[in-house]
Amino acid sequence: MNPSSATAPATLRGAVREALQLALEDAIRQGALPALDEPRLVEVQRPGNPEHGDYATNLALQLARPLRKPPPAIAATLAEALARQGGVVAAAEAAGPGFVNVRVANDALAEILDHARREPDRWGRLGAPEGPAPRHVNVEFVSANPTGPLTVGNARGAFVGDLLARVLEAGGQQVTREYYFNDSSAQVRNLGASVLAQREGRPVPEDGYHGDYVVALASQLPDELAAPRPGESDDDARAWAIGHWASARIREGIEASLARLGVRFDVWTTEGSLAAEGWVERAIGRLREGGHLFEQEGATWFRSTAFGDDKDRVVIRSNGELTYFAFDIGYVVQKFSRGCDHLIYIWGADHHGTVARVRNAAEAMGYDKARVEMILTGWVHFVRDGVPISMSKRAGTFITLDELLEELGVDAARWYFASRGANVNMDVDIELARRQSSENPVYYVQYAHARIASILRKAGDAGLSPAATVTGVLDEPPDATLARIVARFPEVVEDATAAQETQGVTTYATELATAFHAYYRDARVIDAEAPGRSAHRLALVDATRITLASALGLLGISAPEAM
RNA sequence: GUCCCCGUAGCUCAGUGGACAGAGCGGCCGCCUUCUAAGCGGCGGGUCGCAGGUUCGAAUCCUGCCGGGGACGCCA
């Protein structure tokens, strides 16, 4: 049993699962259990109560019906066969209504922790997925229109998308972070008209943009753009030109805000380029060849209902203009043509109505629908001292992402979003969040990391250094408890990757920090009277530090050496 | 009307088939001559929206209802 080899399971849980599978086959071979008609999925879980051991299986409960035997009897047989396996299994016993509880061997525990310390950069990083799993995942998120600064509303998508990308990367997949930049819609002209009106002291159009940033843009507007061109009486052309200038300036601000968050994008795709490079045309061509388009009332429609949608969808309007949907499907073709295996979109909950049509069109164009996935984020409902804050870019009443970061800090904000499901609506009282930011759980976790860093520094000063292995202290209760939690980290990453969620990581990081703070209380690490034990404890504490740093790093949060 | 998401402790949220339902914050009481008190220990706090059903077992799955939010455009 060697977890560091390529073929061995990367997790203790996986090793136990393998042992259980072998134990089942063994019991059948020996006639202790009847043969199964069909293979059963062997599940290993973690008991809620630590007294029940490190891992448990409900296999006996599952087998009771097909084998027509009482669960406790099956559990007893399985426990015996498991105990015979040895290796990762130190002890196995039947318990409760038919569970089999397993205690892992100290050797296996030590091996996985020592491995973490030998290769800290790979700790919790899973290998590339085997089989047909997607390898190159495209995650498109934020994609806010360039008509104003990013708001706290956009923040949800920014964090959810970046966190998802990080989790997928930890799961061994290649990720492209992508931003769709809408540079050619009427909103841009509208923005230009607003800036121009502001510049000329005229009232901003009713459906224009009213924020302070419009005023700022107006004052920065170069004269040659503001002035009407000779022979050009058309205000519309001027509005477009100014709109493009303004949206470019806004994009710079958006990029700067995102950089502040620690979010970087690999690819920025503009709406204009999708048309100019022929992607929209190609997409429409594919649909037409497949017979999925029809003409009605002067418009061209995609027969989305043939794929289960409740309505058909217009691709080309009767005035000849392309719909937003047309760009969407052009973009799908572009992304797949670039070699992406799997597309994920982070959209606000208000976009749920567009999910079906895009996936249907992908299928109609010959792509696997399962490879086009939308994650819808819930609303963030902001209040300030109990008063709801309306979030309108046009009215200019919104909180910018930059303001949020100023009040909370990047680490606290990241933690806040990482610890909640993407699809739940959440209420945030800005004042409350600001006041409580110093009590944010993220600092609790960071503090544990800083404390360990301090111990390691002090140990160095005292001439003590960590041993190569933690073996030697795993029989002592405080050490055994902490070591087991540290060893679980790869399983947490595995689960986070499978679920495409990060809540489990924050929950785990908090649990690990709690365990360390208790350990700090109960176990003396630096002890000149017992240098041997100190060395092993330093190794354990170092593994804990690496794990805390990896968990925080997975969330894009810093792990300070001192606080 | 149809469709989607949500409903768990005073507040904000984890837990989505297993063995007594958790955390943070807030409240109350203790602990710094000892490796960082941004810490530790203790107390109090829940008909898991409601009602049925499936299951050996349901906060978790199914149905219906109630409550909150959202979407139903030749807008983006």
[X] (side chain) and [N] (base): donor-acceptor pair under 3.5 Å:
| X | N | result |
| --- | --- | --- |
| A:D328 | B:rA76 | no |
| A:E297 | B:rC74 | yes |
| A:T323 | B:rC74 | no |

Kindly say whether A:Q187 contributes a backbone atom to a donor-acceptor pair with the side chain of A:T147 at under 3.5 angstrom?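 A pair under 3.5 Å: no.
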Above 12 or not: heavy atoms from other molecules or residues under 6.0 Å from CD of A:E529?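 No - once you tally the heavy atoms of other residues, nucleotides and ligands closer than 6.0 Å, there are 12 at most.
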Name the nucleic acid region contacted by [X], choosing base, sugar-phosphate or nothing; use a 4.0 angstrom heavy-atom cut-off, strictly under.
| X | value |
| --- | --- |
| A:T507 | sugar-phosphate |
| A:A523 | base |
| A:T506 | nothing |
| A:N425 | base |
| A:A64 | nothing |
| A:A56 | base |
| A:Q62 | base |
| A:H517 | sugar-phosphate |
| A:N49 | base |
| A:V525 | base |
| A:A562 | base |

Contacts table for residues 93-101 of chain A: side-chain donor-acceptor under 3.5 angstrom, sequence neighbours left out:
from   : atom 1 : to    : atom 2 : distance (Å)
A:N101 : ND2    : A:H52 : O      : 3.3

Does any nucleotide pair with [N] by Watson-Crick or G-U wobble geometry, both distances under 3.5 Å, and what is it?
| N | result |
| --- | --- |
| B:rG7 | B:rC66 |
| B:rC72 | B:rG1 |
| B:rA37 | none |
| B:rG45 | none |
| B:rA19 | none |

Residue whose closest nucleotide on RNA chain B lies nearer the 5' end, A:N58 versus A:G504: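 Closer to the 5' end of RNA chain B: A:G504.
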Taking for each residue the nucleotide of RNA chain B bearing the nearest heavy atom, is the 5' side occupied by A:P47 or by A:S454?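 This one resolves to A:P47.
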Using side-chain heavy atoms (C-beta onward) and a distance below 4.5 Å, is A:Q500 in contact with A:E373?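 Counting from C-beta outward, A:Q500 and A:E373 do come under 4.5 Å.
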Side-chain N or O of [X] closer than 4.0 Å to phosphate OP1/OP2 of [N]:
| X | N | answer |
| --- | --- | --- |
| A:Q503 | B:rC13 | no |
| A:R313 | B:rC75 | no |
| A:R521 | B:rG41 | yes |

Please tell me which of the listed nucleotides, B:rU12, B:rA37, B:rC13, lies nearest to the side chain of A:Y520?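 Ranking B:rU12, B:rA37, B:rC13 by closest atom to the A:Y520 side chain puts B:rA37 first.
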Among the nucleotides B:rA14, B:rG24, B:rG69, which one has an atom lying closest to any side-chain atom of A:W379?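 For the A:W379 side chain, the nearest candidate turns out to be B:rG69.
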With stacking defined as ring centroids separated by under 5.5 Å and planes differing by under 30°, is A:H52 stacked against B:rA19?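 Check passed, A:H52 stacks on base of B:rA19.
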Does the side-chain ring of A:F99 lie flat on the base of B:rG18, meaning centres under 5.5 Å and planes less than 30 degrees apart?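 Taking the rule of under 5.5 Å and under 30°, the ring of A:F99 does not stack on B:rG18.
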Ring of A:Y345, cation from A:K335 - is the NZ or CZ under 6.0 Å from the centre and inside 45° of the axis?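 Ring-cation test returns yes.
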Taking salt bridge (charged side-chain N to carboxylate O under 4.0 Å, His left out) as the test, write out the residues that go with A:R189, two or more places apart.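 For A:R189 the salt bridge (charged side-chain N to carboxylate O under 4.0 Å, His left out) partners, ignoring immediate neighbours, are A:D236.
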